Q: 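The structure's right below; bear with me while I get my questions together.
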Amino acid sequence: MTFVLAATVGLLFALGTFLLLRDDLVKVIWGVAILSQAANIYLISMGGITEPTADTVPVLADYYAPFPQTADPVVQALVLTAIVISFGMTAFALTLSYRAYQENETIDVTEWPQ
């Protein structure tokens with residue numbers, strides 16, 4: 001499972017970097033979005049599942065062993081915040097690209113006037 005997650009993250013980072021280096025503005029925005037999702041998957045996979053005890057999770061103090069496995073909630077909150085921010089960033093970038101298309105009549109950045 002670890003190899004699959006590492007391969008997925010590596011593939012997404014490679015694809016995002018490839019799209020980021022294109023001339024088409026929409027592909028650049030797709031590249032930024034894919035890079036941010038790759039970073040989110042990386043953070044989730046590194047957060048992992050920890051072996052809980054009654055000391056680390058006080059809510060479990062009333063239960064008897066074996067305690068259920070838990071995930072780190074800080075990583076989940078961080079990724080949820082990153083997803084919301086990347087969605088807003090993508091929407092803003094698409095709006096700017098539409099405005100650039102209206103001004104320059106093309107989304108190919110190499111054809112824009114200097």
Side-chain angles (χ1 to χ4, degrees):
M1 185 66 173
T2 305
F3 177 74
V4 173
L5 283 173
T8 302
V9 169
L11 183 70
L12 285 175
F13 272 115
L15 179 65
T17 304
F18 176 75
L19 288 174
L20 200 59
L21 298 174
R22 300 290 96 199
D23 294 336
D24 187 4
L25 195 57
V26 175
K27 289 180 183 176
V28 170
I29 295 170
W30 271 102
V32 170
I34 290 173
L35 278 175
S36 67
Q37 295 305 315
N40 292 339
I41 293 173
Y42 173 73
L43 285 174
I44 287 288
S45 65
M46 291 297 110
I49 296 177
T50 59
E51 197 64 40
T53 63
D55 298 331
T56 59
V57 185
V59 176
L60 297 176
D62 297 335
Y63 296 100
Y64 297 105
F67 299 120
Q69 291 185 339
T70 59
D72 188 11
V74 175
V75 175
Q76 294 176 3
L78 179 69
V79 169
L80 181 62
T81 305
I83 289 170
V84 171
I85 291 171
S86 69
F87 176 73
M89 220 175 60
T90 303
F92 182 66
L94 285 172
T95 304
L96 286 179
S97 68
Y98 180 67
R99 180 68 179 145
Y101 172 74
Q102 285 180 334
E103 288 289 323
N104 300 312
E105 297 173 353
T106 183
I107 56 174
D108 190 359
V109 294
T110 58
E111 296 177 7
W112 287 357
Q114 297 297 328

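Position 1 is the first residue of the sequence; numbering continues from there. Model, not experiment: these values are computed from the prediction.
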Q: Please enumerate all residues that pass side-chain hydrogen bond (donor to acceptor under 3.5 Å, both in side chains) together with Thr81, with sequence neighbours excluded.
A: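 Expected list: none.
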Q: Under the rule for side-chain hydrogen bond (donor to acceptor under 3.5 Å, both in side chains), what residues qualify as partners of Tyr101, not counting sequence neighbours?
A: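 Counting only residues at least two positions away or on another chain, Tyr101 forms no side-chain hydrogen bond (donor to acceptor under 3.5 Å, both in side chains).
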Q: Given a cutoff of under 4.5 Å between side-chain heavy atoms of I, L, V, M, F, W and Y, with clusters grown through shared members, what are the other residues clustered with Leu96?
A: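 Answer for Leu96: Phe92.
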Q: Provide the closest heavy-atom pair for Leu5 versus Ser45 in the form atom of the first, atom of the second, distance.
A: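 It is CD1-CB, 3.7 Å.
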Q: Has Glu105 got more than 12 heavy atoms of other residues, nucleotides or ligands less than 6.0 Å from its CD?
A: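 It does not: Glu105 CD has 12 such atoms or fewer within range.
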Q: Can you name the residues that form a side-chain contact (heavy atoms from CB on, under 4.5 Å) with Leu94, not counting sequence neighbours?
A: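 Per chain and number, Leu94 pairs via side-chain contact (heavy atoms from CB on, under 4.5 Å) with Ile29, Thr90, Ser97.
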Q: Would Phe13 and Val9 count as a side chain to side chain contact (heavy atoms under 4.5 Å, CB included) if you check the C-alpha gap in whole Å, the side-chain angles of each, and the deciding distance to 0.1 Å?
A: CA-CA 6 Å; Phe13 272 115; Val9 169; 3.4 Å; yes
Q: Same cluster or not: Val32 versus Tyr42, using hydrophobic residues (I, L, V, M, F, W, Y) connected whenever any side-chain heavy atoms lie under 4.5 Å apart?
A: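 Shared cluster, yes.
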Q: Closest approach of Asn40 and Ala82, non-hydrogen atoms and distance?
A: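 Asn40 and Ala82 have their closest heavy atoms at OD1-CB, 3.3 Å.
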Q: Could I get the full list of salt bridge (Lys or Arg N to Asp or Glu O under 4.0 Å) partners for Glu103, not counting sequence neighbours?
A: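 For Glu103, the residues satisfying salt bridge (Lys or Arg N to Asp or Glu O under 4.0 Å) (neighbours in sequence not counted) are Arg99.
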Q: Hey, could you give me each pair passing salt bridge (Lys or Arg N to Asp or Glu O under 4.0 Å) that has a residue in residues 15-38? Not counting sequence neighbours.
A: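 Checked against salt bridge (Lys or Arg N to Asp or Glu O under 4.0 Å) - neighbours excluded - no pair reaches residues 15-38.
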Q: Shortest non-hydrogen contact from Leu43 to Val75?
A: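 Of all heavy-atom pairs spanning Leu43 and Val75, the closest is O-CG1, 3.4 Å.
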Q: List, by chain and then residue number, the residues other than Leu80 in its hydrophobic cluster (Ile/Leu/Val/Met/Phe/Trp/Tyr, side-chain heavy atoms under 4.5 Å); write none if there are no others.
A: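 Members alongside Leu80: none; it stands by itself.
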Q: Tell me whether Val79 is reachable from Phe87 by hopping between hydrophobic residues (I, L, V, M, F, W, Y) whose side-chain heavy atoms are closer than 4.5 Å.
A: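 As far as the 4.5 Å side-chain criterion goes, Val79 and Phe87 are not connected within one cluster.
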Q: For Ala100, what residues pass the side-chain contact (heavy atoms from CB on, under 4.5 Å) criterion, not counting sequence neighbours?
A: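 Expected list: Leu25, Asn104, Trp112.
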Q: Quick one: side-chain contact (heavy atoms from CB on, under 4.5 Å) partners of Val28, sequence neighbours excluded?
A: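 For Val28 the side-chain contact (heavy atoms from CB on, under 4.5 Å) partners, ignoring immediate neighbours, are Leu20.
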Q: Are Ile34 and Phe18 co-members of a hydrophobic cluster defined by side-chain heavy atoms under 4.5 Å apart?
A: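 Phe18 and Ile34: one cluster.
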